Structures are given as structure tokens and as C-alpha cells.
Number of protein chains: 2
Amino acid sequence: MEICKFCNKRSSAARHLGNDELEKLGHSCVEVSFEKGDIIFKQNALSSNIIYVREGLVKIHMAGPEREQILKIAKGPTYLGIPTTLGDKVNNYSATALTTTEVCFIDIQVFKDFIDSNSDFAYEIIVNLCKNELGHFHRCVNQLQKQSPGRVAETLLFFADEIFESDIFDLPLSRHEFGDLTGNSRENVSRILSDLDKEGVIKISGKSIQILDKDKLFFISKNG
Amino acid sequence: MEICKFCNKRSSAARHLGNDELEKLGHSCVEVSFEKGDIIFKQNALSSNIIYVREGLVKIHMAGPEREQILKIAKGPTYLGIPTTLGDKVNNYSATALTTTEVCFIDIQVFKDFIDSNSDFAYEIIVNLCKNELGHFHRCVNQLQKQSPGRVAETLLFFADEIFESDIFDLPLSRHEFGDLTGNSRENVSRILSDLDKEGVIKISGKSIQILDKDKLFFISKNG
DNA sequence: ACAAGAGTGTGATCTGTATCACATTTTAAA
DNA sequence: TTTAAAATGTGATACAGATCACACTCTTGT
């Protein structure tokens with residue numbers, strides 16, 4: 001089992017692992033492929049593995065008091081659900097594939113052993129957790145304070161800049177999911193998107209989106 | 001310098017430190033007292049220390065796009081701002097004392113050294129970060145989806161159960177701050193609190209609050 | 001190729017909450 | 001104590017966004 005040793009998508013933490021450790025990781029690591037819509041792990045199920053997304057797009061979501069809430073969109077390569085695996089016995093949220101996704105299931109004990117024996121690995125995980133939390137704080141405050149068009153604009157910029165690195169892309173979410181991510185009703189998402197289209201800020205046709213006036217979109221994202 | 005060696009409020013992580021390490025911690029650790037309203041650290045300032053709150057109540061807050069947002073209320077003993085210190089060069093949020101607060105400033109390099117040399121300490125920090133993040137997810141979703149009375153009720157229960165462990169307490173926040181915490185306008189906080197008073201769920205007089213009907217308050221917290 | 005179901009666009013209403021306006025109370029300072 | 005300043009309560013109004021209603025358009029399977 002040398003899959004991890006020669007893996008070209010190792011995490012920044014795993015780059016600190018030695019050959020022996022990578023071999024050990026390879027032995028306890030299972031690679032699985034998920035299709036769009038497949039659930040990778042489910043809220044309230046026992047959390048028994050650390051998930052590493054080698055490739056693909058995943059939504060992290062949890063059942064809120066009123067409706068489903070998408071907490072974030074994660075893009076491989078990235079760890080998924082370290083907090084929910086190390087912080088509780090049971091998953092506090094679900095992860096669902098938005099595209100075809102390559103995932104490694106890492107045995108939690110092996111992961112703990114690395115933290116124990118390799119302090120560079122541990123430190124990298126800590127920094128990772130910290131950065132995630134900061135990102136989440138910012139996202140949360142934006143969600144809470146901006147109004148709908150601002151949240152939609154911000155999310156479009158997020159997809160363009162962080163996920164697809166292009167101003168033309170296919171939205172990997174339904175209007176309903178886009179609402180769950182931005183805290184809007186399905187109808188309101190439609191309305192805001194077609195308003196943006198009418199104003200010439202973006203061009204939409206179904207799920208395909210093209211950003212025409214990025215400055216204006218950025219302005220809307222900031223101011224309302 | 002043996003203040004840490006004989007400290008009776010050590011963190012769960014620091015309990016894994018040996019005598020040598022505690023002595024080293026004592027040498028690099030500065031104890032400071034803050035009064036109500038004092039800023040412990042400030043958003044956008046250089047983050048150079050890990051903060052450990054030995055005793056007291058602190059608000060964590062950041063400037064949002066529209067107004068100030070209180071992210072959480074922290075009660076000593078607890079670490080503060082590990083994410084903002086290890087995750088970025090600059091503080092992503094501020095911390096302000098709500099009561100008289102005893103704080104230890106821990107040199108970041110010493111903290112890193114402990115992560116490096118003591119894997120139990122590191123693991124404890126990791127679990128801590130994970131649990132914090134889970135708590136924050138839940139808080140965020142509740143804030144986003146519940147409507148105003150539900151958020152106010154939830155926050156009152158939080159103060160009663162988590163902070164004061166009593167159904168009679170003095171609110172350590174102004175109505176304005178309570179709004180910044182629950183995402184309401186100052187006026188709306190007043191209205192909701194006096195409604196709850198009129199319905200006999202709580203009894204208010206200024207900042208002092210008594211919960212009279214906890215079941216009903218819980219119901220309101222859950223259902224709107 | 002077709003039907004059935006899911007997903008989407010858009011107008012008309014309804015409602016929670018912000019905002020404005022002002023009276024009143026509390027706190028802090030002189 | 002007096003006075004200014006800050007914090008609070010409460011009604012009236014305005015508006016963003018949810019909800020309802022329905023037509024339309026894609027999927028998906030048979």
C-alpha cells in the first residue's frame with residue numbers, strides 16, 4: 001500500500017510525514033469515489049474516520065431549527081470534518097458531494113498517532129483548524145448582517161474566485177440549495193439572480209453563470 | 001516564577017504539562033487584571049500572545065459590514081483567541097472584558113514549544129479547537145434561522161445555564177450589546193424582553209433578570 | 001417520444017423587524 | 001446636588017424578504 005507515499009495531492013500536514021508514516025497511512029487509508037448527490041457522512045451518525053477530499057466539491061450542511069443550512073462549500077484537496085470527528089462522538093453535520101469526488105477515509109487512531117508522534121503534523125493541523133475558524137467567523141458575520149443581494153453577490157464572487165477561478169462557471173447548486181447557502185428562499189434567489197442579469201452585472205442561463213461587471217458585483221457584495 | 005505551577009485554574013491542556021514546563025510557562029507568562037469595558041485585545045492589532053482568561057467574563061466581537069457583531073461570550077477559565085493568534089498575523093476580532101477579569105498573556109513561542117514537545121498538550125488544544133468550532137456552527141445556524149424572540153430566549157437560557165448557573169442573574173450587557181449579540185436592534189430587544197415580562201416568562205428590572213417559566217422560555221427558544 | 005416529477009421564474013400578498021421619533025429613566029460628571 | 005449625557009421603553013411607520021399561487025421548463029425514466 002503505497003498510495004499515500006506517491007499521492008500527488010498530499011495535505012500540508014501530510015507533507016510533514018516521513019516515509020514510514022506515509023506507509024502506515026497507506027495501510028489504513030481507504031479511497032472511495034462519490035457521485036454528485038452522494039452523502040459522504042451524515043449528521044448524527046457515529047464519526048469514526050477523518051475524511052480527506054483529494055478532488056471534488058462538497059457541501060457541508062446541517063439541519064437547522066427551520067430548514068437545512070449549508071455551512072460551507074469545500075473544495076479538494078482538503079480535510080473534512082476534523083472538528084466533528086475529534087470534537088464529538090457523533091457527526092454534528094453532514095457532507096454531500098456536489099461533483100464527482102475522490103475521498104480518502106483515514107482511520108482516526110492512525111490520525112491521532114501522527115499527532116502524537118509528529119509535532120509538525122500536529123502544528124499544521126492546529127493552524128488549519130484556526131484558519132478555518134477565522135474563515136467561518138467572517139462568513140457568519142457577513143451572513144448575519146448583509147442583506148440578500150449582498151449575500152448572493154458575495155457567494156457568486158466566492159465561486160468565481162475561490163472555487164472555479166474563472167468568471168464563467170456552472171453553479172453546482174440548485175436554486176433551493178443556493179438559498180440554503182445564502183439564507184434566502186428559493187424564490188428570492190431567482191429574483192435576485194434575474195435582477196442582476198437585467199442590470200447587466202451577470203449573464204445567466206440555467207446554471208451557467210458569467211460575471212460581466214465584477215466591480216459592480218463586488219460593490220453589491222459590500223454594500224447591500 | 002512559580003505562578004503557573006501552583007495555579008489552581010490550569011487549563012485541561014496545561015494539566016498535561018510537567019513541572020519543568022510549568023516553570024517555563026511561569027517565566028514567560030504575564031498576569032494582568034482588566035476592568036469592565038477594558039479592551040483585552042483589538043481587531044487588526046498584531047496578535048503576539050495567547051490569552052488565557054483565569055477568571056471573568058469576556059465578549060468576543062468583530063466589526064461586521066453593518067454593525068458590531070458579538071460572536072460569543074467567553075467565561076474563564078478558558079483560552080481566548082488561539083485561532084486569531086495562530087491563524088493570522090493580525091487579530092481578526094476583539095476581546096473586551098464584561099466584568100473584572102484576570103488574564104494571563106502567554107508568549108506565543110512558548111506555546112508553540114509546548115505543542116512541539118508535549119503531544120498531550122497539543123492534542124488537548126486540538127480537541128478544544130474542534131469543540132469550539134462545533135459550538136460556533138450551532139450558534140451560527142441558530143442565529144441565522146430563528147427569529148428574534150427565539151434568539152433572545154436562547155441567549156437568556158445560555159446566560160442562566162452556562163454562565164451564571166442560576167435563574168436569577170444580572171445581564172452583563174446593555175440592551176444595545178444584547179442586540180449585537182442576538183442580531184437585533186436595541187429597540188427590538190427592549191420590546192421582546194418586556195413582552196416576555198408581560199407574559200410572565202421572566203421578570204426584569206433594569207439589568208436584573210429572573211426566569212419564572214423556564215419551560216416556556218425553552219419552548220420560545222425552540223419554536224420562534 | 002412521452003408522461004410525470006422536479007426544478008424554476010415571477011407576480012401578489014403578508015409579516016417580522018428595522019427605523020424613526022420621542023418620552024423617560026439611569027448613570028456619570030461637575 | 002445639579003446637569004449633561006447615555007441608556008432605555010414604546011408607539012407609528014416603512015420595507016425587505018417570506019410565503020402563496022401558478023405558469024413554465026427542464027430532467028428522468030419507461
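Here is how names work: the chains are called A, B, and so on, in the same order as the sequence lines, proteins then strands, and each is numbered from 1. Small disclaimer: the values here were computed from a predicted structure and weren't measured.
Distances shorter than 4.0 Å separate none of the side-chain N or O atoms of A:Arg186 from OP1 or OP2 on C:dT8. A sub-4.0 Å separation between OP1 or OP2 of C:dT10 and a side-chain N or O of A:Ser194 is present. Within the structure, every side-chain polar atom (N or O) of A:Lys207 is placed at least 4.0 Å from both OP1 and OP2 of C:dG7.
The distance between atom CD of B:Glu187 and atom P of C:dT25, rounded to the nearest whole Å, is 18 Å. Following rounding to the nearest Å, B:Arg175 (CZ) and C:dT27 (P) show an atom-to-atom distance of 11 Å. Atom CG in A:Asn188 sits about 18 Å away from atom P in C:dT13, given to the nearest Å. Look at CZ on A:Phe178: it is 14 Å from C1' on C:dT8, rounded to the nearest Å. The distance between atom NZ of B:Lys198 and atom P of D:dT10, rounded to the nearest whole Å, is 5 Å. Atom C1' of nucleotide C:dT8 and atom CG of A:Asp180 are separated by 15 Å, given to the nearest angstrom. In this structure, CG of B:Leu173 is placed 13 Å from P of D:dA7, rounded to the nearest angstrom. As a whole-Å value, the separation of B:Arg67 CZ from C:dA18 P is 7 Å.
Between the side chains of A:Ser11 and A:Tyr52, no donor N or O sits under 3.5 Å from an acceptor N or O. Under 3.5 Å, the side chains of A:Glu133 and B:Asn132 contain no donor-acceptor pair of N or O atoms.
Minimum interatomic distance between B:Thr84 and B:Asn92 (heavy atoms only, all atoms of both residues): OG1-N, 2.6 Å. Annotation for A:Leu181 and A:Gln69: closest pair O-NE2, 4.0 Å, computed over non-hydrogen atoms. Heavy atoms only, all atoms of each residue included: B:Lys214 and B:Asp161 are closest at NZ-OD1, 2.8 Å. Contact record, A:Cys140 with B:Cys140: SG-SG, 3.0 Å, taken as the closest heavy-atom pair. For the pair A:Arg139 and A:Leu71, the tightest heavy-atom approach, listed with the atom from each and the gap, is NH1-O, 3.4 Å.
Note that the OG1 atom of B:Thr182 and the CG atom of B:Asn188 stand 8.5 Å from one another [nearest 0.5 Å].
Across all strands shown, B:Ser174 has heavy atoms under 4.0 Å from sugar-phosphate atoms exclusively, and none from any base. Using a 4.0 Å heavy-atom distance criterion, A:Gly179 is classed as making no nucleic acid contact.
By the side chain to side chain donor-acceptor pair (under 3.5 Å) test, B:Thr101 pairs with no residue at all, sequence neighbours left out.
Within residues 147-158 of chain B, no residue places a heavy atom under 4.0 Å from DNA chain D.
Position along DNA chain D of the nearest nucleotide to B:Gly206 versus A:Ile192 favours B:Gly206 as the more 5'-ward residue.
The local environment of NE2 in A:His136 is crowded, with over 12 non-hydrogen atoms from other residues, nucleotides or ligands closer than 6.0 Å.
A donor-acceptor contact under 3.5 Å is not formed by the side chain of B:Arg191 with the base of C:dG16.
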Seminar exercise, completed: Base-pair string, DNA chain C, Watson-Crick plus G-U, cut-off 3.5 Å on both distances, | for inter-strand, is |.||||||||||||||||||||||||||||
